[in-house]
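A quick write-up on the structure given underneath.
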Amino acid sequence: MMPAGKFLWMNESLINGALARPLESSMLEAPGYAAQEGEMPGLVSDGRPDMIRVVGLNKFFGDLHVIRDVSFSVRKGEVVVLIGPSGSGKSTLLRCINRLEKADSGVIYIDGIPLGMRKKGDRWVPASEAAINKLRSEIGMVFQRFNLFPHLTALQNVTEALITVKKMAPASARSIGMELLARVGLSDKVSSYPCQLSGGQQQRVAIARALAMKPKIMLFDEPTSALDPELVGEVLAVMKDLAESGMTMLVVTHEMGFAREVADRVMFMDSGQILEDAPPEVLFRSPKHARTRSFLQRIAHS
Ligand SMILES: Nc1ncnc2c1ncn2[C@@H]1O[C@H](COP(=O)(O)OP(=O)(O)O)[C@@H](O)[C@H]1O
Ligand SMILES: [Mg+2]
């Protein structure tokens, strides 16, 4: 059997054809350029650089137009919660940012660099596979299903990519792994296999595993929705701690308490578009769109 890390990396190669077909060169002339105040509704302009900047993103599945000309930014250190009905395109948007999906048009800048491109002289050209993989490794992703390797311990799950991808010495990887498992409150579970851990513990291992790659950005796709209710809090607590440490986070969740308490902004997505983008107290108290209102009512009563 192939080592788990190899397998992961193969997937990365597979998606490598994925280059956001693009690209008006005018869009690309100013990577690292930060949104001007008033340029995008809902953005708080406080001078922080954009860590994620999405411009005019479109994604089709066959005839289905799943992401419709979506533009937004997430500043460095900002926590943005993305809400919206099932099927509205939230996962697809995250997957485009992480390049698990190929966007059909538009540009995604990660920390000022257009995803999939590199500068050659004064032109942007498709980046090499290695450069794309490096950029992708700066984006951690945590899924609804924890996707841990069942045959590896908690510690091995966290250190696997460090050893196989980053070629780190096992002893160094181990010390990083121990530190990260301590950070998510699992020092006593380093030798446990996923089947010996609760869902909440598995999800915390998955977060530690993502953090091991030292991402600049963490994407969460409904990280608590597969958990028993009593286990949700421990995962949200880890995420809150991460937010307080200054991590840039884009989080799809229906945990409105978390959004209220931790998010700088909440974006409401419907039918492939971001209809609203506002601080939680504004969006929850006085949503502008009827569709946002009815979604929030449905969530509150479910
Ligand atoms: N790989 C795929 N192939 C075809 N259609 C897809 C694929 N992934 C998602 N979709 C469709 O795209 C739309 C958005 O899905 P998704 O991004 O998963 O929404 P959400 O995460 O908001 O529930 C849905 O209509 C879904 O059925
Ligand atoms: Mg989804």
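In each ligand, atom 1 is the first atom listed, and ligand 1 is the first ligand listed.
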ask   = What residues form a ring pair (Phe, Tyr, Trp, His ring centres under 6.0 Å) with Phe284, not counting sequence neighbours?
value =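 For Phe284, no residue satisfies ring pair (Phe, Tyr, Trp, His ring centres under 6.0 Å) once neighbours in sequence are set aside.
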
query = Among all residues two or more places apart in sequence or in another chain, which pass the ring pair (Phe, Tyr, Trp, His ring centres under 6.0 Å) test with Phe60?
reply =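 Scan of Phe60 (ring pair (Phe, Tyr, Trp, His ring centres under 6.0 Å), adjacent residues dropped) gives His65.
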
ask   = Is the closest basic N to carboxylate O distance between Arg183 and Glu179 below 4.0 Å?
value =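 Not counted as a salt bridge, because no side-chain N and carboxylate O are separated by less than 4.0 Å.
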
message = Please determine whether a side-chain nitrogen of the Lys or Arg among Asp221 and Lys90 lies less than 4.0 Å from a carboxylate oxygen of the Asp or Glu.
response =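 Judged by the 4.0 Å cut-off on N to carboxylate O distance, Asp221 and Lys90 do not form a salt bridge.
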
query = Sorted by chain and residue number, which protein N/O/S atoms are under 2.8 Å from the Mg ion (ligand 2)?
reply =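 Metal shell, protein only: Ser91 OG.
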
Could you list, one pair per line, each nitrogen or oxygen of ligand 1 together with any protein nitrogen or oxygen closer than 3.5 Å, giving atom names and the distance rounded to 0.1 Å?
{"unit_1": "ligand 1", "atom_1": "17 (O)", "unit_2": "Thr92", "atom_2": "N", "d": "2.9"}
{"unit_1": "ligand 1", "atom_1": "17 (O)", "unit_2": "Thr92", "atom_2": "OG1", "d": "2.5"}
{"unit_1": "ligand 1", "atom_1": "19 (O)", "unit_2": "Gly89", "atom_2": "N", "d": "3.2"}
{"unit_1": "ligand 1", "atom_1": "21 (O)", "unit_2": "Ser91", "atom_2": "N", "d": "2.9"}
{"unit_1": "ligand 1", "atom_1": "21 (O)", "unit_2": "Ser91", "atom_2": "OG", "d": "2.8"}
{"unit_1": "ligand 1", "atom_1": "22 (O)", "unit_2": "Ser88", "atom_2": "N", "d": "3.2"}
{"unit_1": "ligand 1", "atom_1": "22 (O)", "unit_2": "Ser88", "atom_2": "OG", "d": "3.4"}
{"unit_1": "ligand 1", "atom_1": "22 (O)", "unit_2": "Gly89", "atom_2": "N", "d": "3.0"}
{"unit_1": "ligand 1", "atom_1": "22 (O)", "unit_2": "Lys90", "atom_2": "N", "d": "2.9"}
{"unit_1": "ligand 1", "atom_1": "22 (O)", "unit_2": "Lys90", "atom_2": "NZ", "d": "2.7"}
{"unit_1": "ligand 1", "atom_1": "23 (O)", "unit_2": "Gly87", "atom_2": "N", "d": "2.7"}

message = Nearest 0.5 angstrom please: Ile108 CD1 to Leu57 CG, how far?
response =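 Nearest 0.5 Å value for the CD1-CG distance: 4.5 Å.
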
request  = Please confirm whether Arg209 makes a cation-pi placement over Phe149, using NZ or CZ under 6.0 Å from the six-membered ring centre and within 45° of the ring normal.
outcome  =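 Geometry flag: set, cation within 6.0 Å and 45°.
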
query = For the side chain of Lys166 and the backbone of Met213, is there at least one donor-acceptor N/O pair under 3.5 Å apart?
reply =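 Yes, Lys166 side chain to Met213 backbone: donor-acceptor pair under 3.5 Å.
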
ask   = Minimum heavy-atom separation for Ala208 to Leu180, with atom names?
value =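 Heavy atoms only, the tightest pair is O-CD1, 3.5 Å.
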
inquiry  = Could you see if Val158 belongs to whatever hydrophobic cluster contains Val190? Use Ile, Leu, Val, Met, Phe, Trp, Tyr and a side-chain cutoff under 4.5 Å.
reply    =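 Yes; tracing contacts between hydrophobic side chains, which count when under 4.5 Å, links both residues.
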
